[in-house]
Novice: 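After the structure tokens below, expect a handful of questions from me.
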Amino acid sequence: MKRYEPVSLKDIKTYPLSRRKSKVVLGDLATPHEKGGSFREFLDKLPPVLGAASLRKVVRSILEARRAGRPVILAMGAHPIKVGLSPLIIDLMERGIVTALAGNGACIIHDFELAFAGTTSEDVAEALLTGAFGMAEETGRMVNEAIVEGVQKGLGIGESMGEFINRSDLPGKHLSVFGAARRLGLPATVHVTMGADIIHMHPHVSGAATGEGSLRDFRLLAAVVADLEGGVHINMGSAVVMPEVFLKALSVARNLGNTVQSITTVNMDFIQQYRGRENVLRRPTLGGGASYALTGHHEILFPLLAAALAEEWS
């Protein structure tokens, strides 16, 4: 066997640090926050690197899109609603910053429960022990009935829930993102995975209505995506369903001859997982545009984004 001796470092070639290209300079360092300082001052003091730089670029992309009259789609899983972000989402819709909403099937469940009871998000592990998980009577009955009634009128699931909540006397109806979208005339779509939501365990469920309503919503989302040139698509808190739905809607839009190339995509989640990276960030922007990954807890990161947008929007 060949024997190896440790290399000698005495002949290593070096050069002056002043000649090296560096990624961080003194001007990039953060500045301590001062008590009583404004939020704008806080933003300005963030170091212009990595996540903070991406956040600034996302804010700029959204504002540029809206000032040019281009869409901003917020697609999400149910977790953002569960952690209390509905008022911020509604505010962005009312300001005219978010122009379309898309969610998975669990979104309408938590949206309804907050409007109906002012509470949501059960203890799954504890309830599962006795078979009580997902068996809240009003949720299973009223959400399914709203879907059936709306679909019979020719609506999708998102519009069905928004209309049902708006005409109801639910005490928390003002907290419903689907109610707000319906009131503002914005497209709101729901994309269901059959068997994945608690309302599918109830006797009031209609597979025909749920499937028809969700298909209508996919076609509506595809119409919004077909108009996305120059716009922004945000995926928040959905690791599988909404990235997959967006990719198919984008393919339909391009297949039908629509130009959807210069777009900005954003993935906001705890961790950057495969479908978010591929189906939201990389694949849709291969032909142009830009993509940004914002990583962090929704209950911290989204309020930060919303506040930054509010600071700049007029």
Novice: Give a yes or no on whether the backbone of Glu311 and the side-chain of Arg40 come within a donor-acceptor separation of less than 3.5 Å.
Specialist: yes

Novice: Any donor and acceptor pair, going by atom type alone, linking the side chain of Lys173 with main-chain N or O of Ser168 inside 3.5 Å?
Specialist: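 Confirmed, Lys173 side chain pairs with Ser168 backbone.
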
Novice: Given Met142 and Phe164, is the side chain to side chain contact (heavy atoms under 4.5 Å, CB included) satisfied, shown in steps?
Specialist: CA-CA 9 Å; Met142 296 174 74; Phe164 166 77; 3.8 Å; yes

Novice: Could you name each residue pair satisfying salt bridge (Lys or Arg N to Asp or Glu O under 4.0 Å) that touches residues 112-124, not counting sequence neighbours?
Specialist: none

Novice: Determine whether a donor-acceptor pair (N or O, by modelled atom type, separation under 3.5 Å) exists between the side chain of Arg182 and the backbone of Met161.
Specialist: no

Novice: Using a 3.5 Å distance criterion without hydrogens, assess whether the side chain of His200 forms a donor-acceptor pair with backbone atoms of Gly195.
Specialist: yes

Novice: Trp313 side chain to Ile97 main-chain N or O, any donor-acceptor pair under 3.5 Å?
Specialist: no

Novice: Do any N or O atoms from the side chain of Thr285 and from the backbone of Leu281 form a donor-acceptor pair under 3.5 angstrom?
Specialist: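 Checking the backbone N and O of Leu281 against the side chain of Thr285, a donor-acceptor pair under 3.5 Å is found.
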
Novice: Give the other cluster members for Val260, using side-chain heavy-atom distances under 4.5 Å between Ile, Leu, Val, Met, Phe, Trp and Tyr residues; answer none if it is isolated.
Specialist: Ile73, Phe218, Leu221, Val224, Val225, Leu228, Val241, Met242, Val245, Phe246, Leu250, Val252, Leu256, Ile263

Novice: Identify whether Met93 and Phe302 are in the same connected component of the hydrophobic contact network (ILVMFWY, side-chain heavy atoms under 4.5 Å).
Specialist: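 Both belong to a single hydrophobic cluster.
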
Novice: So, does Arg70 use its side chain to make a donor-acceptor pair with the main chain of Glu229 at under 3.5 Å?
Specialist: yes

Novice: With heavy-atom distances below 4.5 Å as the criterion, would you say the side chains of Ser54 and Leu294 are in contact?
Specialist: yes

